[in-house]
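This chain uses plain numbering: 1 for the first residue, then up along the sequence. Keep in mind the model is a prediction, meaning the values are calculated, not measured.
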Amino acid sequence: MAENDKKIRGSHILMRALQEVGVDVIWGYPGGQIMPVYDALYDYRDVFRHILVRHEQGAIHAAQGYARVSGKTGVVLVTSGPGATNVMTGIADAMIDSTPVVVISGQVGNNMLGTDAFQEADVIGLSTPVTKWCYQIRRPQDVAPAVAKAFYIASSGRPGPVLLDITRDAQVGLAEYHFDKCTSIRSYRPIPPMPEKDVRTAAEMIARADRPLLIYGQGITLSGAEASLKAFLDKTGIPATSTLLGLSALPSDYKHFIGMAGMHGNIAPNVMTQKCDLLIAIGMRFDDRVTCKMSEYARQARKIHIDIDEAEIGKNIQVDLGVHGDAKAVLDRLTELVPSSDYSEWEKVAVKCREAEIEEVINPEIHPTEGPVTMGEVINTVADIVKDSAIVITDVGQNQMLGARYSRFNQKRSLITSGGLGTMGFGLPAAIGAKVASPDRQVCLFCGDGGLQMTIQELGTIMQEGIGVKIVVLNNNWLGNVRQWQQLFWDSRYSFTRLINPDFKAITEAYGIKYLQVKDRDKLVETVQQMIDEPGPCLLEACVLEEGMVFPMIAPGKSVDDIMVTKDKLFVYGE
């Protein structure tokens, strides 16, 4: 319902509009051209929890972590110029990973636009390619409508980032307050109608398949389709594999779940991708880290692609049937149409592959008998102690791939990582956002010594806000993932990947955060338990095997068939 009131400043209109759309947390950093908004925010201290980060990049990544755990839209407030440009990496990250965030940036006055005024940047020009929508607000009366539209666009359909650039005139000018909730925009159809004909065709294709395989991505979570996916799989018995961002949509121990697909995925999904006669893809975009050499990806199979974003259908992989629809709605209808089936013989391929992977890869990584502690060993120990119930955050690199492989999940929205952009420095602020979104759940971050130092200043945010995240630094003194590629594919020419690290103990304790370290295997369980039992934030530095590797691996440019289980051995099914 619209509301009328006396004229107020645009900055106060912004506060009231944010309250209308249900904002409760704002991540931000003040500066000159957003000062009127921050002054108005002072009067709303009891309405919004504003968290002062230490760098604008920390704000956007924290908002992403908050959004992906809570399902709400993350909100970021920054100043003009460098404040706005510092969030661009996170906006691009949110765009490719379909994360709903609204960024509000200050801007110089209307009469100064285009003059290269102090701290002016063309924020709209910079953000247009990496946002669902961006808009510059120049009048106070446009503030509330822009906010309503921004939150509708960010959270509807395939979610994504929206940026509002608000000039000083719009912030300090006077206007009446009117707020009307945005529920539709002409030419924007976030939820397509049920494609009944295509769904029926899909059901017929599924009924005729002898070796179907279902691969799902984060679209399952974004649609709220976790229960619908499980119901479909319970009825059909079709084996299912996940992309990296799809992990935790199904419990790790679910009977039809065969693991993660792709470059560092499990063996079974990749083998079965190349053996299936029907591939059903839901809420994923056939990223190159899943398909590897696209021209050889599942060539033998007919393919169905179900996605809410029509632009993704046929973009990377040509399919036999595209179903443009919401994952939950389509799965619910498919479940009504498909017959009950038994693919137990087909699933024996997964069992055989899993047995080989346990012997050749998993046991050497998580149950080594000698040598330094391994990264996988640390991650598996954490999973054991938290009983698979933690929200797991990763940074990017070896810690990310091993965190995904050896963490286990029994609740949805439990793995938060930077997928498509692969942004180092994502992990620490995203963990802060995740903990704020779900304070009652354990939040465990796995990061490398390199990635941690990209946003290490956010330890100050943890200190000031008392945010109880558990940080596990897998310290191998390398930029580990790049070093692995250099070792395998560049003749061990380690070009600028060796790290000389600071004293993490001194830094951590300077921020008033509990510090632990583990080097010896016989102390690992005890030390991890101590970290988990710590009532507040804690950083555990795990000094791990320096030249550890992440296997299985499909080398760049190779087919999904070419699965390396060691640097010298390819997996061959049936041997």
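Checked by atom type, the side-chain pair Asn266/Glu357 shows a donor-acceptor distance below 3.5 Å. Counted by atom type alone, Arg68 and Thr221 present zero donor-acceptor pairs between their side chains at under 3.5 Å. Under the 3.5 Å distance criterion, with hydrogens and angles disregarded, no donor-acceptor pair is assigned to the side chains of Asn477 and Asp449. Looking at Ser248 and Ser414, their side chains never bring a donor and an acceptor atom within 3.5 Å of each other. Between Arg158 and Ser98, the side chains place a donor N or O and an acceptor N or O closer than 3.5 Å (distance only, hydrogens not considered).
Using a cut-off of 4.0 Å between Lys/Arg side-chain N and Asp/Glu carboxylate O, Asp287 and Arg285 are scored as salt-bridged. A salt bridge is absent between Glu355 and Lys352: the closest approach of a Lys/Arg side-chain nitrogen to an acidic carboxylate oxygen does not fall below 4.0 angstrom. Under a 4.0 Å N-O distance rule, the pair Arg405/Glu365 does not qualify as a salt bridge. A salt bridge between Lys293 and Asp562 is absent, with no side-chain N of the basic residue lying under 4.0 Å from a carboxylate O of the acidic one.
Atom NZ of Lys567 has 12 or fewer heavy atoms from other residues, nucleotides or ligands within 6.0 Å. Around the CD atom of Gln529, the shell of radius 6.0 Å holds more than 12 heavy atoms that belong to other residues, nucleotides or ligands. Summarising the local packing, CG of Asp533 is surrounded by more than 12 heavy atoms from other residues, nucleotides or ligands at distances under 6.0 Å. Surrounding CZ of Phe489 are more than 12 heavy atoms belonging to other residues, nucleotides or ligands, all under 6.0 Å away.
In this structure, Gln398 contributes its side chain and Gly548 its backbone to a donor-acceptor pair below 3.5 Å. Under the 3.5 Å distance criterion, the side-chain polar atoms of Thr455 are matched with a main-chain donor or acceptor of Gly425.
Below 30°, between 30° and 60°, or above 60°: for Phe257 and Tyr216 the angle between ring planes is between 30° and 60°, a tilted geometry.
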Quick one, Tyr511 with Ile462, criterion side chain to side chain contact (heavy atoms under 4.5 Å, CB included). Give me CA distance, side-chain angles, the key distance, then yes/no. CA-CA 8 Å; Tyr511 282 106; Ile462 292 173; over 6 Å; no
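Using a 4.5 Å heavy-atom threshold, the side chains of Asp253 and Asn410 count as separate.
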